[in-house]
Amino acid sequence: MRPQLRKQQTEDEISARGRSASRNTSSTSSLFFRSSSTSTLFRLRNSFTSGNGSSHSTNASQQHSLSAMSSRDGLVVSPDAVEGADTHHMVDVLPSFEMYNALHRNIPRGNVNPDQHDLPPSYQEVQSQYKQAELTDGSTVSQLECPSSPPLSRGDINGASTQSLQSLHSLATIPSSVVQSNLQALSTRYEAIIDDLNDSDNINIEKLYSLPKVSTPVDVNIRILKKATKPFSEKPEEESILKEYTSGDIINGYVVIENRSQHPLRFEMFYVTLEGCTCVIDKKQGKRTIKRFLRMVDLSASWSYSNIDLATGFQYTPGDIDQDGCVLGLNNDRFLQPGVRYKKFFTFKFPNQLLDISCKHEIFCHCLVPPSFGVDKYKNHARYSNIKLNSMLGYGHLGTKGSPILTNDLCGENVSVSYTIDARIVGKDSKTSELTIMKEKEYNLRFIPFGFCQPLTGEGDPIKQMNALQKLIEERMEALEKVFKKLEDGECITASDINNTDISGTIDNDTNVDSTDIVNRKLNQLHIGNRINPDAAAFPVRNVKYSKGPKNSVESEFPYTIKHRSKSKSRLKKSIFSGLYGSSSNSSSNATSPENDSSSSATSSSPKCGIIMLDCEIPEDGLPYLRPSLLKKTNQFNNKNKHDQSNWKSLQSSLLDEERKVLEQLNIHLRCIQANNSEPHSPPEIQLVTTQLICITCKAISSFPLKLNAQLLLNTDRMKDIMNTFREYLTRAREYRARFNEQLKELNELYNKSRSNSSTQQEIRFSDFITPQLMNDIESLASLIIDIKSLNTVFKKQENTLNNSTEKISGSSTPNHNDSQLSLHTSLSHGSSNHHGNYSTLMKEELLHEWVQSNDKEYDREVTVNLELDNEIKETLVPTFESCLCSRMYCVRVSVKFENSVGVASIDVPVRIRNLEC
């Protein structure tokens, strides 16, 4: 039965309880953080008798405990300062795997008596007390340097008891008689502590997310602070909900746990973690895929018997009452007393990069930390589904602390990347004694990584990798079909049939060949193409060998045909422009190329056609990260704390000045090649140049097996063919698997019949043909969804970006496309007035330039495209990133419209958006 809620206490009751607890600090504090949480670590008793009979107690404040934060990935964050030093710096150190596994890998479920435990001794403490411990004959016992070494078993040394050997001391090479006599003396000091009844009865931390949730009267509250605060001397200042963290930033805060019932409640474990998750929802298949790519555990904030110092370096005595009336720490008896508020401080540091194991396909950019992206509106029973975007502010949230921030980042509702501080209390169900989640709370954070979330070059060609993957899939399908054919014919199935290789006469047919391992090795061989080329692996990309970046460009083709027009139409058009702008004159290009007048005379029936090639080098510079104005104002450099300011300066100093440049221009090279059967003519003149920002979002319900790029994703026809091909593969694989499972018995009989010389029976498996990893790769490309959005108002119009004009366009500063097109056409073709004549000259000099004949029937032209961001952008443009389940890429689409209705040529240039400025 659920306990009744306890009534709210008055301030007098709280203060009275605080004074009582303060008077009994010496007795109360002994119940906190006093020993290991697993049976493999052994600690001293509460007190022991020294050689002279004096009693010594262990002092928690004198310990030099390891203060660290460990993660599932092995990433540990540790301070480089203690109290009195600079607490605004934290460094990354090597992981303490032993400590993490011992304290937090498993949740203890045994009958632990907290009174049998004591504070864990420090390394220095044991060395000073026992390094020269005198024995009866004057010999010494050396201290074991690694306290995690396994104890000796019973009877190893003259029948010495196991309890006597379960300590932090090892046996030296001294006479056995001396050892035995001294072990008997030491046995009175130490006592074996059995923490857990059975190691197999524990639950791994990985299974926390599958535990059932129950309703309990436990309240958990998380608060994020602006900076690390001393528990008693400073009043904590809470961080803004609009705070954006970046790589290397530190998160400080605390968790308050309160039992709001009238009865004590027992818990088994308490965890505080920093987690990063990607969520993808496929409504067609009804699947919701979650990948947890980051999890960091703060050992000092989570529960354990041991006393772990805070990562901030601030010290406090467990069991004391702070200024908020909260008890610092959790009891060792693992009971939450009614009406008592417990406080635990935590500190996390955002990593600069994930570990390599984050991506099983070994794709480098998948191991970079992605930015916050969208909001998971289906999480926690659609708790965040009511968040609406405020068009005036550019973002939205629930209005409460810990709510996620929704921005117009063009990702939709079915994909999200989120970061949260999670606090979970694990307990046992009173009826079934099964582990459950008593209470969980999360605080959403917004994270935007610094610098480059995606390398420019260096990784393999996705087309080549795609072809290699298809070749492997078809090979495995062929092997399955061969086995099914032999089943129909009643022939024996051999290892060569499974591997689809002719190995007869080379090895024994009875050799146990692990076909699953063979397929996995072939897949791993394909993943080599996902790795970065060492010659271009610098970040950002620099070719170390040649000291310059490798040329990486995109191309597009535009076939054109100049249509003939009658004299009447040409004269009518000429008279119209003459009436509007007075006497007209031919453009400079027409004056230098008299044959251009043939387009209006139509004296010849020969076609005027050819092809225009557009080429542009992919820029190394990038566009800045764009966000709502209030978010930008809140996260200015002056509003950061001391550590974040120092961290930001350090991040910026790691880049060269050229690497921090903002992309301002694109240089498009045009090459006109006239057809051999075409009448000689001048290339078509440019009428208008426009720019668009293309946002590409792709997602899948399984991890991408290869690196994608913007050029491939924008090739609609090619991607459609690829997805259809892999959908066929997926359908065939599922049909083969169903048929295989139905006829498994017959297949095993034929397989073992060919192995008559073997004494053991072997089982043929479907994974010998198509492994789960290969199946996931097929499913990923079959379920790939690509969303392409075009933004027309991100960049200013080209006519508004001229540097040398004093008056760019008469009238409105932002004319519509028709007006600007007419103005540009008129100025280029006629130039009747001084204003339009000067404007035409500026456009020619700065942007459009001239056609230059390079060969017979070949012309070249350089077009400069200015990329000046509009100040009224409403969208949030998150940095470019690629992760295992979703990606965001950008391209600048440059469209060149030619005169005389020739058409529009366009080219998509991939660009990166980066977070380099506050």
Side-chain angles (χ1 to χ4, degrees), residues 360-363 460-489 491-531 700 702-708 712 718-719 721-744 746-748 750-751 754-755 762-784:
K360 62 183 178 181
H361 297 104
E362 304 181 28
I363 302 177
D461 184 6
I463 300 298
K464 294 182 179 179
Q465 298 178 51
M466 191 87 66
N467 295 335
L469 181 60
Q470 292 184 20
K471 183 178 179 181
L472 177 59
I473 295 172
E474 291 173 355
E475 173 192 322
R476 305 316 302 154
M477 296 285 189
E478 182 181 348
L480 270 170
E481 293 171 355
K482 183 183 297 184
V483 169
F484 289 143
K485 182 66 169 58
K486 286 201 169 187
L487 177 63
E488 295 175 357
D489 299 339
E491 299 178 4
C492 295
I493 301 174
T494 62
S496 61
D497 297 326
I498 300 176
N499 299 323
N500 199 24
T501 56
D502 186 9
I503 57 176
S504 59
T506 58
I507 63 174
D508 188 3
N509 288 336
D510 290 340
T511 302
N512 185 13
V513 180
D514 192 348
S515 302
T516 303
D517 184 61
I518 294 177
V519 178
N520 285 329
R521 291 185 180 184
K522 290 182 179 180
L523 283 173
N524 293 334
Q525 187 69 22
L526 295 179
H527 299 161
I528 293 178
N530 291 328
R531 304 173 187 172
S702 186
S703 299
F704 299 139
L706 45 86
K707 185 185 183 303
L708 303 174
L712 179 61
R718 183 63 183 271
M719 288 305 304
D721 294 338
I722 290 175
M723 288 186 286
N724 290 335
T725 300
F726 278 88
R727 290 190 185 110
E728 293 177 1
Y729 286 153
L730 183 61
T731 302
R732 288 173 58 190
R734 290 173 177 174
E735 292 176 354
Y736 287 161
R737 182 171 56 186
R739 181 180 176 184
F740 188 92
N741 293 333
E742 292 176 357
Q743 300 175 335
L744 182 60
E746 294 82 358
L747 291 171
N748 283 322
L750 293 176
Y751 179 58
S754 63
R755 305 176 68 257
Q762 294 291 332
E763 182 181 0
I764 187 173
R765 298 161 298 180
F766 183 76
S767 60
D768 294 334
F769 301 90
I770 300 179
T771 63
Q773 181 178 349
L774 183 58
M775 195 72 175
N776 289 336
D777 294 348
I778 298 174
E779 188 176 15
S780 173
L781 294 175
S783 63
L784 188 64

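For the numbers below, each heavy atom of this structure counts, side chains included, while hydrogens, waters and symmetry mates do not. Counting begins at 1 with the first residue of the sequence.
With values rounded to the nearest 0.5 angstrom, Ile473 atom CD1 is found 8.5 Å from Leu523 atom CG. With rounding to the nearest 0.5 Å, the separation of CZ in Phe766 from CG in Leu480 is 5.5 Å. Interatomic distance, Thr725 OG1 to Ile778 CD1, rounded to the nearest 0.5 Å: 12.0 Å. Rounded to the nearest 0.5 angstrom, Asn724 CG and Met719 CE are separated by 10.5 Å. Rounding to the nearest 0.5 Å places CD1 of Ile493 at 9.0 Å from CZ of Phe484. In this structure, the separation between CG on Leu712 and NZ on Lys707 is 10.5 Å, given to the nearest 0.5 Å.
Closest non-hydrogen pair, Tyr751 versus Thr494, comes out as CE1-C, 4.3 Å. Annotation for Glu746 and Glu742: closest pair OE1-O, 4.3 Å, computed over non-hydrogen atoms. Nearest approach of Leu526 to Leu469, heavy atoms of both residues: CD1-CA, 3.9 Å. Taking all atoms of both residues into account, the shortest heavy-atom contact from Asn520 to Gln773 is OD1-OE1, 3.8 Å. Phe704 and His361 make their closest contact through O-ND1, 3.1 Å (heavy atoms, listed as atom of the first residue, atom of the second, distance). Of all non-hydrogen atoms in Ser703 and Lys360, the two that sit nearest each other are CB-CE, 4.4 Å.
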Would you check, one step at a time, whether the test side-chain contact (heavy atoms from CB on, under 4.5 Å) holds for Ile498 with Ile518?
CA-CA 10 Å; Ile498 300 176; Ile518 294 177; over 6 Å; no
Stepwise, does the side-chain contact (heavy atoms from CB on, under 4.5 Å) test hold for Arg734 with Glu779?
CA-CA 11 Å; Arg734 290 173 177 174; Glu779 188 176 15; 4.0 Å; yes
Walk me through whether Phe769 and Phe740 qualify under side-chain contact (heavy atoms from CB on, under 4.5 Å).
CA-CA 11 Å; Phe769 301 90; Phe740 188 92; 3.8 Å; yes
Begin from the C-alpha positions of Tyr729 and Arg476 and carry the test side-chain contact (heavy atoms from CB on, under 4.5 Å) through to its verdict.
CA-CA 11 Å; Tyr729 286 153; Arg476 305 316 302 154; over 6 Å; no
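A donor-acceptor pair under 3.5 Å links the side-chain atoms of Ser780 to the main chain of Ser702, judged by distance alone. Panel note: side chain Ser767, backbone Thr516; no donor-acceptor pair is recorded below 3.5 Å. Without hydrogens or angle criteria, Thr731 side chain to Arg727 main chain gives a donor-acceptor distance under 3.5 Å.
Using a 4.0 Å cut-off between charged nitrogen and carboxylate oxygen, Asp768 and Arg765 count as a salt-bridge pair.
At least one side-chain heavy atom of Lys485 sits less than 4.5 Å from a side-chain heavy atom of Glu488. Using a 4.5 Å heavy-atom cutoff, the side chains of Ile722 and Met466 are in contact. Looking only at side-chain heavy atoms (C-beta outward), Phe726 and Asp777 stay at 4.5 Å or farther from each other. In this structure, the side chains of Arg732 and Glu481 come closer than 4.5 Å at one or more pairs of heavy atoms.
No more than 12 heavy-atom neighbours from other residues, nucleotides or ligands sit within 6.0 angstrom of CZ on Arg521.
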